[in-house]
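Below: the structure, in structure tokens.
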Amino acid sequence: MPLKAVHVKNVPNLDQVSDDLNSPTFNTYPHLVRPAEDFMVIGHRGTGMNLLQSSDPRMKSIKENSILAFNAAGKFNLDFIEFDVQVTKDDYPIIFHDNFIFTEDKGVIIEKRVTDLNLDEFLSYGPQREPNKVGKPLFRKTKDGRIFEWKVENDDHLCTLEEVFQKVNHSMGFNIEFKFDDNVVYKEDDLVHAIEVVLRVVFKYAKERSIFFSSFQPDATLLIRKLQNTYPVFFLTNGGSETYTDTRRNSLDEAMNLCLAGGLNGIVSEVRAILRNPGVIRRIKDSNLSLISYGQLNNMREVVYPQLLMGVDGVIVDLVEEITEAVADFGETIEKEKVGEEEEEEGDEIKCSQCQLSNLMKVIPGKGACTLGCMGGIQLKDGCS
């Protein structure tokens with residue numbers, strides 16, 4: 001069964017949606033168990049993020065957030081790619097994940113904030129468009145403070161949002177993440193300015209392309225929704241894996257409250273937060289919100305399959321080829337297991353076979369596995385295919 005992702009453009013625009021919180025939004029379903037052909041697989045930064053410290057060559061195959069990566073992702077059965085947008089000092093939306101960019105000059109590592117650069121300086125890092133031009137060597141700092149030269153098997157130059165619209169196949173949908181620094185307190189005017197700069201490019205070049213927006217910055221998501229009503233807006237959260245001063249970022253329940261209060265369309269959550277509290281899926285779906293997950297665990301088919309069964313709408317993944325193939329295979333498995341085809345029982349239980357629960361417990365350590373098995377509202381079925 002081939003993968004068929006849901007197109008945003010096939011869903012009512014926000015200006016067509018009632019203010020009633022019970023009205024349909026981006027992609028909601030009455031059943032928790034969903035057909036594989038309606039499940040979205042989204043390419044993280046194209047064909048996956050670059051982990052320069054990893055021994056896995058797949059994590060250093062193609063330069064992340066590049067035209068090359070986005071078009072390579074289009075060779076697989078995807079409908080969306082996810083990428084990060086920031087705005088340069090001279091008001092150009094560019095594609096780059098990290099808050100800081102690094103280079104080396106005479107053996108000294110030089111660090112600059114991306115949003116402090118003008119466009120020409122930003123584009124001067126890494127491979128250049130002109131064959132005879134040499135760019136500044138590009139380095140990257142990991143979360144633990146180590147610095148690596150940004151070397152991948154298939155490199156590409158840095159790019160702008162305008163280029164992405166013009167050079168990536170129009171059939172490919174975009175999940176555009178508005179990137180803001182967690183350690184900066186932004187004034188509303190600064191957020192509005194950055195969002196408006198991006199929106200101008202989007203509305204100029206989007207045409208019929210499927211698009212949805214997302215951000216970890218709670219106020220930014222509310223402003224994106226306020227400044228436009230054409231494309232869906234999702235709140236990104238790690239669901240409590242880290243603690244923030246802004247309590248709206250500290251749990252899936254808080255994320256739900258933000259979405260409902262601000263008229264957002266759904267949540268993009270770190271997958272561990274969902275697996276540790278699967279009962280929240282029912283509450284999110286009952287609120288007519290969509291739910292997408294992200295995280296490195298999504299590169300394991302054993303983690304993706306139970307999410308499909310429990311009603312998660314899609315997954316953001318690095319290993320695009322492997323997971324699109326896996327999801328295509330899930331349709332046959334679902335047909336064999338016949339999980340949850342009849343809604344004979346009321347309540348919050350999610351039907352799940354012992355085999356499926358076992359797969360989940362393999363990847364959720366300690367309390368997460370206990371919560372899932374004992375308190376997550378999962379009703380076990382007999383048998384394992």
Side-chain angles (χ1 to χ4, degrees), residues 3 5-6 25-42 234 237-240 251-253 255-256 266-295 297-317 323 326-327 329-364 367-385:
L3 172 67
V6 176
T25 53
F26 172 81
N27 180 21
T28 55
Y29 293 83
H31 305 285
L32 280 176
V33 178
R34 307 183 48 221
E37 65 266 20
D38 288 333
F39 189 72
M40 294 185 293
V41 180
I42 301 168
F234 280 54
T237 178
N238 60 31
S251 71
L252 282 172
D253 285 317
M256 270 185 15
I267 298 167
V268 181
S269 171
E270 214 284 334
V271 62
R272 291 172 297 176
I274 297 171
L275 298 180
R276 288 168 178 163
N277 184 19
V280 76
I281 299 172
R282 169 75 75 175
R283 300 199 300 277
I284 291 172
K285 308 307 285 187
D286 285 349
S287 298
N288 283 331
L289 296 172
S290 294
L291 178 62
I292 297 170
S293 72
Y294 76 91
L297 283 178
N298 276 349
N299 294 317
M300 302 171 61
R301 61 181 294 150
E302 295 86 356
V303 174
V304 173
Y305 184 48
Q307 292 181 76
L308 185 156
L309 294 175
M310 293 189 293
V312 175
D313 293 298
V315 290
I316 298 174
V317 305
I323 299 303
V327 171
D329 293 338
F330 290 163
E332 296 180 6
T333 306
I334 291 174
E335 287 298 319
K336 291 178 182 178
E337 294 185 345
K338 300 292 183 182
V339 179
E341 286 187 348
E342 298 179 0
E343 293 184 288
E344 297 178 351
E345 300 183 25
E346 297 181 355
D348 294 334
E349 290 84 3
I350 299 169
K351 294 182 180 180
C352 186
S353 72
Q354 182 66 53
C355 181
Q356 293 149 11
L357 181 61
S358 176
N359 284 337
L360 276 177
M361 286 186 168
K362 291 177 183 177
V363 296
I364 308 175
K367 290 183 179 180
C370 180
T371 300
L372 184 67
C374 307
M375 298 168 15
I378 290 183
Q379 175 184 336
L380 293 181
K381 290 182 61 185
D382 295 330
C384 182
S385 62

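Quick caveat, the model's predicted, so the values are computed rather than measured. Residue numbers start at 1 and run along the sequence shown.
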Distance from [X] atom [atom1] to [Y] atom [atom2], nearest 0.5 Å?
X      : Y      : atom1 : atom2 : result
Leu308 : Asp38  : CG    : CG    : 9.0 Å
Ile42  : Tyr294 : CD1   : OH    : 13.5 Å
Asn238 : Leu252 : CG    : CG    : 9.0 Å
Ile316 : Asn299 : CD1   : CG    : 11.5 Å

Applying side chain to side chain donor-acceptor pair (under 3.5 Å), name anything that partners Ser293, two or more places apart in sequence or on another chain.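 Residues passing side chain to side chain donor-acceptor pair (under 3.5 Å) with Ser293: Asn298, Gln307.
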
Stepwise side-chain contact (heavy atoms from CB on, under 4.5 Å) test for Asn277 and Arg283: CA-CA 11 Å; Asn277 184 19; Arg283 300 199 300 277; 3.9 Å; yes

Check [X] against [Y] and note the closest heavy-atom contact, atom names and distance.
X      : Y      : value
Val312 : Phe39  : O-CE1, 3.2 Å
Arg301 : Pro306 : O-CD, 4.4 Å
Met256 : Ser287 : CE-OG, 4.2 Å
Thr237 : Ser251 : OG1-O, 4.5 Å

Begin with the C-alpha distance, continue with both residues' side-chain angles, and end with the deciding distance and a verdict on side-chain contact (heavy atoms from CB on, under 4.5 Å) for Met310 and Leu291. CA-CA 11 Å; Met310 293 189 293; Leu291 178 62; over 6 Å; no

Stepwise, does the side-chain contact (heavy atoms from CB on, under 4.5 Å) test hold for Val315 with Val271? CA-CA 9 Å; Val315 290; Val271 62; over 6 Å; no

Does Ile292 offer a backbone N or O that forms a donor-acceptor pair with the side chain of Asp313 under 3.5 Å?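 No.
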
